[in-house]
Student: 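Dumping the structure here so I can ask a few things about it.
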Amino acid sequence: MPAEQVMTLAAIVLPFLAALIAPWLTRRLGHHAAWVLALLPLLVFIRFASYVPKVAAGGVVTGGFIWVPSFNLSFSWFLDGLSLTFALLISGIGTLIVLYSGGYLKGHPQLGRFFVFILLFMGAMLGLVISDSFLMLFVYWELTSLTSFLLIGFDHTRAASRRAALQALVVTGLGGLSLLAGLLVTWNITGITQFSLLVRLGGDITASPFYLLALVLLLGGAFTKSAQFPFYFWLPNAMEAPTPVSAYLHSATMVKAGVYLVMRLNPTFGGTPAWETILPLFGGTTLLVGALLAIRQTDLKLMLAYTTVASLGLMVMLTGFGSDYAVAAAVLYLVAHSLFKGALFMVAGLIDHESGTRDVRQLGGLRKAMPITFVAALAAAFSMGGLPPFFGFLAKEEIYAALYAADYWSLAFVAVAVIGNALMFVIGFVVAFKPFLGEKVKTPKDAHEGPALLWLGPFLLALAGLLAAVFSPLFHAIISSPMASAVAGHSEEITISLLPHLGMPLYLSLATVVLATAIYLALTPARNAIAATLTALGWGPDRGFDQFIAASVRASRMLTAILQPGRLDIYMTVTFLAVAAALLAPMAIYGEWPSLPAWPEDAEIHELAIILIAFIGLAAVIWARDRLTAIVTLGVQGFAVALIFMLFGAPDLSFTQFMVETLSVVILALVMTRLRLSPADHRPTKQKIFDASVASLCGVGFMLYLLAVTEQPFNSYLTDFFVAYSKVVAHGANIVNVVIVDFRGTDTLGEIAVVMVAGLAILSLIRVRAGWRPGMLAENDPDAPRGEGT
Amino acid sequence: MRTVIFRTVAPYLTSLMVLFSIFVLLRGHNEPGGGFIGGLIAASAFAIYGIACGVAPVRRALYFHPMALSAFGLLMSTLAGMISLPLSVPFMTGNWMKLHLFGNEIDLSSVLLFDIGVYFVVLGAITSIALALEERDRG
Amino acid sequence: MEALFSLLVGALFAVSIYLFLSKHIIRMLLGAAILGNAVNLLIFTAGRLTREVPPIIATDETTLTTAAANPLPQALILTAIVISFSFFAFLLVLGYRAFQELDTDDTDEMRVAEPADEDAPPLGY
């Protein structure tokens, strides 16, 4: 592997390595470990930044190695404009988040664990966006679900936190399965397992009859991950996590994974009526629902969470429109959103951290106490509201330019976009104005500016939003245009700049601002109106999730009660009925019954006598009424079998069988003398008849099966091998023994190990007599509920 | 079961059976016999001794714990399989060596070692089971 | 001759399964002992029967010269006998200990692991 690829591989595994050393580092340095740990994602950022010139020039970066050749599976990466932008956002914002976490969770006893989780998540997310092969994408996709479960449930002593974590895991995990199925269908249609090949395929796949199936399954993965309606509910609940998690997962990473997937699929799957209907409809609904629900909230983080839902809807909607403008708008908005939403979440956390509350009604007048935070919040809110001179402005202009057209379909979505943007605008300024302006309100903690670890992140992100807009030609050249080209599937140039150009987009922007101002002024009535509507509706997807979980638990309990009634006789009956069916059904279906055998004329009288003895012994075992008879008759049939072995050329078997039967009788007698139980049958007659028929069915099955086998010509291939080589190669005349100790020696080794383990198990069963009493199981059961306040 | 005759005969019977078991073990490669049968015969011998004279004398006579004998056998069998490793042939390949002792030619082989290991495993495990059950019987 | 053996094998299986289906540990143990014989005899018969001549190569020969019994099933069965005995002994002791602790040999009443009146799983988070 060339050195350049080794470096990239190192960048991919670096977050995981960072996760490994994080606990140790945190124990040594406390929260200052953040400064050291942040260096590692920074290195990753620098590494990926070095690819920018190549990708900006239209190239792609690929590399990797073959992992499982037999499955044509490789560990490979594929970096085009889309992946690279994501990689830069993940590692760049990740660096700031690590710093922010150090400040936010300063002194937290589990800070080291938190770093582990967040770095693992970073590694998974990074792997997701640069994976070339389908399977790698899926593995990383599930890894992000798992690590986000750990992050959301970080505060695991609270039930709300656990519920949120479980909800995120269930929703995104189910989506992951859908994604896997979709990828497999895609693989079946195209024979391709790599994105680098898929994006070059063009629209061939849309002609396949399985196109719609693949599309729906893939979108099932993307929509759950990106919290599209009606799967959006897990995202606001995930706000139970510490703020750094929200800032990271819900700005640039986790929830964008679905958007990434949709964008990645656009060149191949896009452009069809299905694509251009499903995506805008779901995206538009999500935008409206998210934005409206955001207005209802009073908690800063929850407001931001719902606007994230809305933003994700907007991105999906734009990607679904499929025009070049729409793709450009989606790309610009994605970048802008990552920057301003990350900043705003961190601001919300900062306010919470410094003042002790996140409720917007209890905050005010913090601008003097927290000036840097105020500036960062203001800048981010401007970007979110789509006001110049921030990057969000470019995005919003592009959105309106993309959506506007003179037909009802377009106009409807323009209206949706205007309303959604206006509502998000309102939220942005609620977060940026309400806590900082006005009268100073008494807060639980006396607020003042936080340490650099805390304000550095939002400040730099807000600054990035400004710089990207001011130097838009450069930014478009290196980031936006390559990314838009990757999403569109053909070369695309983005030119929009801060210079105002009169036209429909600008008028729509003005309309947005006017609408937003109106809502801002009437915020409290609006909030109350939405709250009243929701109370009237009463039943949302969030409660649906609870019902779903409860229903599955009940259903599985019912199923368990049917499948595992806990009665051995039922298990036995079912098992042996299945055995009988397995034996008889094939013969019945294919009509391959054995022919009726003739009476063996050559049977000698002593052979017949021994077989008869065996039958008598068997019958006597069934009807034995006392212990001694049972033991003796058991011995009778055993010795009869031993004699049969003797008569048919198997002296080794015969000796062994004799010894074993003797020992069986001895130990059975030893135990039975202690076990004062009658072996007599206590079943009611009806039950006896039923059991006897099941047993006879099995017996007849085995008999017919054996008859059928022995009627076939004998294949002596293996026997001939052992006969031919026993003496020549293995120097033994007793072929049976040679087979056991030489030809099949390894097998025998395993078998004697079993014998020894059985001996050990018996010994411990007899010896371990620490008095068992009812209830001991429950005491030792780690799953058993304990008294704890939840 | 602890009649005088049985108690008097049992030690001799046991010794004879153990001797016979070794004979069966060693001739196993060319005549009917082998480690499994030998081990079972020896185990029965000790079981009989235990029934006749009690478990304590058997434990004394064996000196080692039966499970230890069993583990020793498993180790021996495994090592017999590993003899092939320094000779760079696959695990469990049979290796033979001819030994000239007092004018007689004796075949020694890793296979024989393996079979002796089997003998000890069976002897140890089953004696252990039988003795444990007999102890409970008196307890 | 194979037909007669098939009948015996069928009878062995039927008896052992009938014993398994009864709800008493002791009868199940007897069934387990018989099941071992049933399977062994099944394998033995499937390898075809040859009277009296064991598969042992004469001293001055390098291979079997007369028709002898099939050595392969014998090798399989030999270890199977010993293992099924170990297993039988284990079951015996297990049943014995279960009887000691639970004071019953009726499987309907042995419900420590899967109690009949198990509580519903918790629905919280």
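In what follows, every chain begins at residue 1, and chains take the letters A, B, ... in the order their sequences are listed. All of these numbers come straight from a predicted model, not from anything done at the bench.
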Student: Working note: A/Ile611 + C/Phe5, criterion side chain to side chain contact (heavy atoms under 4.5 Å, CB included); need CA distance, chi angles, decisive distance, verdict.
Tutor: CA-CA 8 Å; A/Ile611 289 174; C/Phe5 269 61; 4.0 Å; yes

Student: Taking side chain as everything from C-beta outward and backbone as N, CA, C, O, which of these in A/Phe714 sits under 4.5 Å from a heavy atom of chain C? Side chain, backbone, both or neither.
Tutor: both

Student: Non-hydrogen atoms of chain C under 4.5 Å away: do they reach the side chain of A/Phe721, the backbone, both or neither?
Tutor: neither

Student: Going by heavy atoms in the side chains, are A/Val736 and C/Pro55 under 4.5 Å from each other?
Tutor: yes

Student: Evaluate side chain to side chain contact (heavy atoms under 4.5 Å, CB included) for C/Phe44 paired with A/Leu653, printing each intermediate quantity in order.
Tutor: CA-CA 10 Å; C/Phe44 191 68; A/Leu653 292 191; 4.1 Å; yes

Student: Looking only at heavy atoms, what is the nearest atom pair of C/Ala69 and A/Phe648, with distance?
Tutor: CB-O, 3.8 Å

Student: Considering only heavy atoms, which portion of A/Leu166 lies under 4.5 Å from any heavy atom of chain C: side chain, backbone, both, or neither?
Tutor: side chain

Student: Apply side chain to side chain contact (heavy atoms under 4.5 Å, CB included) to C/Lys23 and A/Leu568, showing your working.
Tutor: CA-CA 8 Å; C/Lys23 297 174 188 172; A/Leu568 190 63; over 6 Å; no

Student: Can you confirm whether A/Phe645 sits close enough to C/Leu41 that some side-chain heavy atom of one is under 4.5 Å from a side-chain heavy atom of the other?
Tutor: yes

Student: Heavy-atom count check: over 12 atoms from other residues, nucleotides or ligands less than 6.0 Å from A/Arg744 CZ?
Tutor: no

Student: So which atom in A/Ile762 and which in C/Ser86 form the shortest heavy-atom distance, rounded to 0.1 Å?
Tutor: CD1-O, 4.1 Å

Student: Show the nearest heavy-atom pair for residues C/Leu21 and A/Ala695, with the distance to one decimal.
Tutor: CD1-N, 4.4 Å

Student: So which residue, C/Ile34, C/Val82, C/Leu76, ends up with the most heavy-atom pairs under 4.5 Å with chain A?
Tutor: C/Ile34

Student: With a 4.5 angstrom heavy-atom cut-off, which part of A/Ala550 approaches chain C: side chain, backbone, both or neither?
Tutor: both

Student: Any idea which of C/Pro73, C/Pro71, C/Gly95 has the most non-hydrogen atom pairs under 4.5 angstrom with chain A?
Tutor: C/Pro71

Student: Counting heavy-atom pairs closer than 4.5 Å to chain C, which one of A/Glu607, A/Met659, A/Glu661, A/Gln564 comes out on top?
Tutor: A/Glu607

Student: Sort C/Leu19 into side chain, backbone, both or neither according to what part of it lies under 4.5 angstrom from a heavy atom of chain A.
Tutor: side chain

Student: Checking heavy atoms, do the side chain of A/Val641, its backbone, both or neither come under 4.5 Å from chain C?
Tutor: side chain

Student: Of the non-hydrogen atoms in C/Arg97 and A/Leu765, which two are nearest, and what is the gap between them?
Tutor: NE-O, 2.7 Å

Student: Where does A/Asn715 contact chain C at under 4.5 Å (heavy atoms): side chain, backbone, both or neither?
Tutor: neither

Student: Tell me, for A/Pro565 versus chain C, whether the close heavy atoms (under 4.5 Å) come from the side chain, the backbone, both or neither.
Tutor: backbone

Student: Is a side-chain donor-acceptor pair under 3.5 Å present for A/Gln637 with C/Asn37?
Tutor: yes

Student: Nearest heavy-atom pair of A/Ala630 and C/Leu30: which atoms, and what distance?
Tutor: CB-CD1, 4.0 Å

Student: What pair of heavy atoms forms the shortest contact from C/Glu2 to A/Thr710, and how long is it?
Tutor: CG-CG2, 3.7 Å

Student: Assess whether side chain to side chain contact (heavy atoms under 4.5 Å, CB included) is satisfied between A/Ile735 and C/Leu72, documenting all intermediate values.
Tutor: CA-CA 8 Å; A/Ile735 303 174; C/Leu72 182 59; over 6 Å; no

Student: Is it the side chain or the backbone of A/Arg163 that comes within 4.5 Å of chain C heavy atoms, both, or neither?
Tutor: both

